[in-house]
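Bear in mind the structure is a predicted one, so any value in this text is a computation, not a measurement.
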There are 2 protein chains.
Amino acid sequence: MKVSLKDVAERAGVSIKTVSNVVNDYPHVTPAMRARVQLAIDELGYRPNLTARHLRKGRTGIIALAVPELGNPYFAELAGAVIDVAAQHDYTVLLDHTRGEREQEILVSQGFRARVIDGLILSPLELETEDLRSRTDDPPLVLLGERRYDLPYDHIAIDNIAAARTAVRHLLDLGRRRIAFLGSREGRTHEPAHLRLLGWRAELADYGVAADEDMVVFAQGWGREDGAAAMARLLDAGQRPDAVFAYNDLIAIGAMRVMFERGLRVPEDIAVVGFDDVTESRFGAVSLSTIAPDKQAIARLAVESVMASLGGDAAADGPGRGSRELQPGFELVQRESTLGRGGTPVRD
Amino acid sequence: MKVSLKDVAERAGVSIKTVSNVVNDYPHVTPAMRARVQLAIDELGYRPNLTARHLRKGRTGIIALAVPELGNPYFAELAGAVIDVAAQHDYTVLLDHTRGEREQEILVSQGFRARVIDGLILSPLELETEDLRSRTDDPPLVLLGERRYDLPYDHIAIDNIAAARTAVRHLLDLGRRRIAFLGSREGRTHEPAHLRLLGWRAELADYGVAADEDMVVFAQGWGREDGAAAMARLLDAGQRPDAVFAYNDLIAIGAMRVMFERGLRVPEDIAVVGFDDVTESRFGAVSLSTIAPDKQAIARLAVESVMASLGGDAAADGPGRGSRELQPGFELVQRESTLGRGGTPVRD
DNA sequence: TTGAAAGCGCTAACAG
DNA sequence: CTGTTAGCGCTTTCAA
């Protein structure tokens with residue numbers, strides 16, 4: 001049934017070692033020998049047992065990527081990019097999701113969920129610094145996203161404050177002054193959407209516009225329905241924003257849905273800017289202006305960081321190993337939700 | 001550094017086997033003994049080496065799910081469901097994507113991409129029957145989606161013809177008669193969207209409406225941009241449909257975007273029905289009516305099918321093993337793209 | 001250049 | 001109830 005190196009060796013009348021050499025493209029093998037062994041391999045349909053190889057070499061060729069939710073297209077798109085980059089390094093990706101729950105994130109970070117992996121890329125939401133302290137000799141870890149931890153792990157995130165400022169600035173330049181902020185879920189342990197909210201405050205301040213904290217609304221989660229609920233709450237409270245900056249595209253899309261339902265025009269009555277540049281944002285009745293993080297760069301940096309930790313076992317404690325702040329770029333994409341259908345600013 | 005069973009055994013002054021028994025919750029162990037061993041485990045921070053266990057047991061605890069594209073929310077949502085179901089069986093999911101390319105699908109089906117797995121769930125697009133014939137003793141395989149193969153593998157798909165007929169019938173009942181069909185990418189090897197197109201033809205015929213083949217448009221792919229392009233092509237050709245049935249939600253969303261751009265009202269001018277019920281379809285300016293396959297059931301059946309093939313090694317050739325047609329349910333979800341804002345049918 | 005033998009860490013027989 | 005031993009399939013010294 002299952003053919004092993006031994007079977008091939010017997011068939012070819014050589015030793016196991018020789019077959020292994022052929023399989024692994026070891027340089028010093030006689031062409032004749034190689035041919036003979038290859039023949040036996042083909043005849044028997046031999047396929048190496050990766051598990052055994054991994055046991056021997058101590059590596060599995062698998063890295064895990066854990067994100068809050070695959071249903072969020074931002075993470076789905078990012079996952080696709082990570083899979084592609086990993087494939088270039090001959091690595092396969094094991095995907096896991098945490099629902100943004102601290103318990104799940106802890107489990108993942110300690111390797112209890114995704115096992116048998118050489119490295120881990122984690123995008124946490126609720127995880128705390130202390131949760132990571134207890135990590136012992138688990139595989140290399142790279143952190144993604146807004147949260148920062150003062151621990152010796154590489155961290156990859158765009159400059160969230162700068163990005164938020166750019167978005168708000170765009171709205172200000174368009175003449176908007178009553179700019180609401182729709183945030184993500186309220187965390188149990190920390191202020192959600194922290195950096196983006198800071199950016200909102202800072203840019204308003206710099207521009208000389210008073211930040212109205214009543215225009216800040218948090219949601220139950222980070223999905224479209226949460227954006228819709230938050231927007232409804234804002235309007236029901238009697239607020240009349242002339243612009244909305246949302247924590248992410250999904251919240252922006254949910255918010256716009258409520259505006260449509262209530263007969264509010266986008267951008268004439270309310271301009272909207274999102275965050276993430278998911279594909280979906282280009283195809284609504286009103287396409288969405290948004291901050292576009294460089295997802296390709298994020299994926300590349302994440303995978304390369306893991307690969308680096310994998311390679312440099314010797315210099316495990318060397319300087320700069322696994323405690324870098326990696327900052328991919330972003331850009332503001334201006335679409336109809338701020339510029340209007342014509343492509344030029346629209347104001348009533 | 002790395003602590004193994006042996007280290008723990010020495011520390012606790014017992015044999016390796018005893019430690020193994022404790023680790024695996026083997027029933028017949030003295031509480032005292034168990035406590036002593038557990039202490040040693042904790043002191044040393046022992047964690048079992050899964051790779052070694054897998055080599056020994058011949059199983060890895062990992063199944064692979066390969067879909068065309070994670071960027072398509074239907075597959076992302078399905079993947080999330082599969083991950084959850086697999087977790088209930090103590091299995092982890094390795095996700096891969098094929099871009100719907102035949103080469104990639106072949107590689108995946110033969111285990112060259114996702115390696116070290118106990119089973120495989122594959123959602124093929126271009127794969128041909130012959131490509132699967134050469135599979136030797138690769139891990140159990142389950143096929144998902146519209147394509148059918150006359151091979152001894154379980155196949156899971158909703159009744160696509162019935163679903164398509166339901167969608168078309170809904171439009172007919174609303175009084176629409178010029179119903180266009182927007183298909184998926186034209187395959188190199190087979191008619192795309194085959195079953196759904198058959199359903200479209202069949203329902204029109206049964207209803208006594210002549211099927212106008214000029215109202216059938218295929219796209220370059222299965223994304224929003226492809227739907228937009230197809231819709232533009234249809235309109236530019238001078239066709240004036242009063243309804244559109246799209247191969248999937250993304251194509252429907254892309255098509256609607258073009259309608260909005262051209263000032264056509266949905267559903268007054270053109271009613272639209274999609275397929276998949278991705279979350280996104282509920283949140284557009286005009287929410288999308290669609291066919292909702294039971295994703296939970298699909299995920300459950302897929303994982304259970306793999307588990308079954310894994311368990312019944314003895315009855316590997318037994319009747320019914322791995323050649324069943326599993327058919328989860330679906331339902332028509334009526335939203336604004338056919339009923340209009342008021343929730344009741346709208347016609348100009 | 002190729003062969004023999006050891007061992008990665010674990011589990012499964014089989015004794016005791 | 002616990003210990004001893006063999007071996008999963010592979011790579012890797014060390015010899016030849």
Would you say [X] reaches [N]'s phosphate, i.e. side-chain N/O to OP1/OP2 under 4.0 Å?
X: A/Thr30; N: C/dT1; result: no
X: B/Ser20; N: C/dT11; result: yes
X: A/Tyr46; N: D/dC10; result: yes
X: A/Ser4; N: D/dG9; result: no
X: A/Asn49; N: D/dC8; result: no

Any side-chain donor near an acceptor of the partner, B/Asp84 and B/Gln88, under 3.5 Å: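 Distance-only check fails for B/Asp84 and B/Gln88.
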Position toward the 5' end of DNA chain D (nearest nucleotide), A/Lys6 or B/Met33: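 Upstream on the strand: B/Met33.
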Just how far, in rounded Å, is [atom2] of [N] from [atom1] of [X]?
X: A/Ile16; N: C/dA5; atom1: CD1; atom2: P; answer: 11 Å
X: B/His54; N: D/dC8; atom1: NE2; atom2: C1'; answer: 13 Å
X: B/Lys17; N: D/dG3; atom1: NZ; atom2: P; answer: 11 Å
X: B/Tyr26; N: C/dA13; atom1: OH; atom2: P; answer: 11 Å
X: B/Lys57; N: C/dA13; atom1: NZ; atom2: P; answer: 11 Å
X: B/Asn24; N: C/dG9; atom1: CG; atom2: C1'; answer: 13 Å
X: B/Arg59; N: D/dC8; atom1: CZ; atom2: C1'; answer: 15 Å
X: A/Asn21; N: C/dG3; atom1: CG; atom2: C1'; answer: 10 Å

Heavy-atom donor-acceptor pair, B/His97 side chain to B/Gly71 backbone, under 3.5 Å: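 Checked: no pair found.
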Check: A/Arg59 side chain, A/Leu310 main-chain N or O, donor-acceptor pair, under 3.5 Å: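 Such a contact is found between A/Arg59 side chain and A/Leu310 backbone.
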Between CG on residue B/Leu50 and OG1 on residue A/Thr60, distance to nearest 0.5 Å: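 The OG1 atom of A/Thr60 is 10.5 Å from CG of B/Leu50, to the nearest 0.5 Å.
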B/Asp7 side, atom CG; B/Leu44 side, atom CG - distance, nearest 0.5 Å: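 One gets 6.5 Å once the value is rounded to the nearest 0.5 Å.
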Applying a 4.0 Å non-hydrogen cut-off, can you work out what [X] is touching in the nucleic acid: base, sugar-phosphate, or nothing?
X: A/Arg53; answer: sugar-phosphate
X: A/Val14; answer: sugar-phosphate
X: A/Val29; answer: sugar-phosphate

Minimum-distance nucleotide to A/Leu55 side chain [options: D/dG3, C/dG9, C/dT11]: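 Of the options given, the side chain of A/Leu55 lies nearest C/dG9.
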